[in-house]
Chemist: 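Before I ask anything, here is the structure I am working with.
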Amino acid sequence: MLYKKLHDWNISPKKAIDIQSTLKKLLKFEKIEKEISLVAGVDLSFFKEYGLAVIVVLDYDFNIREIVHHVEKVSYPYIPGLLAFREGPIFIKAWEKLKTDVDIVFFDGHGIAHPRKLGIASHMGLWIEKATIGIAKSKLIGNYKEPGKKRGNFSYLEYDGEKIGIVYRSRNNVKPIFISPGYLIDLESSLKITKSFITKYRLPEPTRLAHLYTQKIKKEHLSS
DNA sequence: GCGACAG
DNA sequence: ATCTTGTCGC
């Protein structure tokens, strides 16, 4: 698939923060009316000095339509708030290999629930010009009330007096997931669409399957 | 200065 | 994210 190269990746943390502050101004959020038919889930795993990105495409019936992956040396450390600079360049290489045109992309990490409103989901949404949703397993910033213990219970993640995400209990008695809009989608639509892709597991299928393949493909690489 | 801190 | 087996609980 095509994408816009908005900047270089090999830059200092200070410049990376400047870029985030600049790109944040380009974000747009809309209510999704159209029925979603094809979605993609993205996840990465690491081994040795390499990073492996996997993109899984699913249709509305959870059938896998396409899977692509890309492996390359990691060139950026993990710094809270700058995750996109570590995983973004590897994800983009996998994205180049993707042939299916999807409606929405789920990322492992936050969207606007970020210090500069530019978590990896929002950041990459601008590059690929697609609607994106951030699905994180823990919070980066913000405050929230612990949601009820039952599946479906939720509360809002707030920061600077604004609702930036939803803390959603996807299964009974399990840690909640943090859903936040990435790009071209609003909070309400993000929750609705994410819920439609959650079955019997904590994570929505696109993200869950991407993670599964990330581990599987990594093992194949280590044993051959 | 202290605590927090996506993956 | 990653190093790692069994085990408690729904």
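Below, read A as the first sequence line, B as the second, and so on, with proteins coming before strands; counting in each chain starts at 1. Not measured: the values here are computed from a predicted model.
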Chemist: Give each stem of DNA chain B as a range with a range, requiring at least 3 consecutive Watson-Crick or G-U wobble pairs whose two distances are under 3.5 Å.
Modeler: none

Chemist: What is the distance from atom OG of S189(A) to atom CD1 of I104(A), rounded to the nearest 0.5 Å?
Modeler: 8.0 Å

Chemist: Could you identify which residues of residues 188-224 of chain A place a heavy atom less than 4.0 Å from some atom of DNA chain C, listed by residue number, or say none?
Modeler: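 Heavy-atom cutoff 4.0 Å gives H211(A), Q215(A), K218(A).
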
Chemist: If the test is side chain to side chain contact (heavy atoms under 4.5 Å, CB included), which one of T132(A), L83(A), L44(A), D43(A) qualifies with F107(A)?
Modeler: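 Exactly one pass, corresponding to T132(A).
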
Chemist: Could you report the tightest heavy-atom contact between A84(A) and W9(A), atom names first, then the distance?
Modeler: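 Looking at all heavy atoms of both residues, the shortest contact is O-CZ3, 3.4 Å.
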
Chemist: If you find the nucleotide of DNA chain C closest to F47(A) and the one closest to N173(A), which residue's nucleotide is nearer the 5' end?
Modeler: F47(A)

Chemist: Examine K163(A) relative to Y156(A) and say whether NZ or CZ is less than 6.0 Å from the centre of the six-membered ring and inside a 45° cone about the ring axis.
Modeler: yes

Chemist: Step through it carefully: locate the ring centre of Y78(A), locate the ring centre of Y76(A), and say whether they are under 6.0 Å apart.
Modeler: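 No, they do not, as the ring centres are separated by 6.0 Å or more.
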
Chemist: Aromatic ring centroids of Y60(A) and F197(A) under 6.0 Å?
Modeler: yes

Chemist: Dump the intermediate steps for salt bridge (charged side-chain N to carboxylate O under 4.0 Å, His left out) on K93(A) and E72(A), then the final yes or no.
Modeler: CA-CA 9 Å; K93(A) 291 289 184 57; E72(A) 74 173 38; 2.9 Å; yes

Chemist: Rounded to the nearest 0.5 Å, what's the gap from CG on L212(A) to CD1 on I217(A)? Could you check?
Modeler: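 One gets 10.5 Å once the value is rounded to the nearest 0.5 Å.
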
Chemist: Given 3.5 Å as the limit, does a donor-acceptor pair link the side chain of R116(A) with the main chain of K24(A), or not?
Modeler: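 No, R116(A) side chain to K24(A) backbone: no donor-acceptor pair under 3.5 Å.
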
Chemist: Among H114(A), H110(A), H7(A), which one satisfies ring pair (Phe, Tyr, Trp, His ring centres under 6.0 Å) with H123(A)?
Modeler: H7(A)

Chemist: Taking protein heavy atoms under 4.0 Å as touching, what does nucleotides 1-7 of chain B look like 5' to 3' if B marks base contact, S marks sugar-phosphate-only contact and - marks none?
Modeler: ----BBB

Chemist: How close or far is atom C1' of dC10(C) from atom CZ of R171(A), stated in whole angstroms?
Modeler: 8 Å

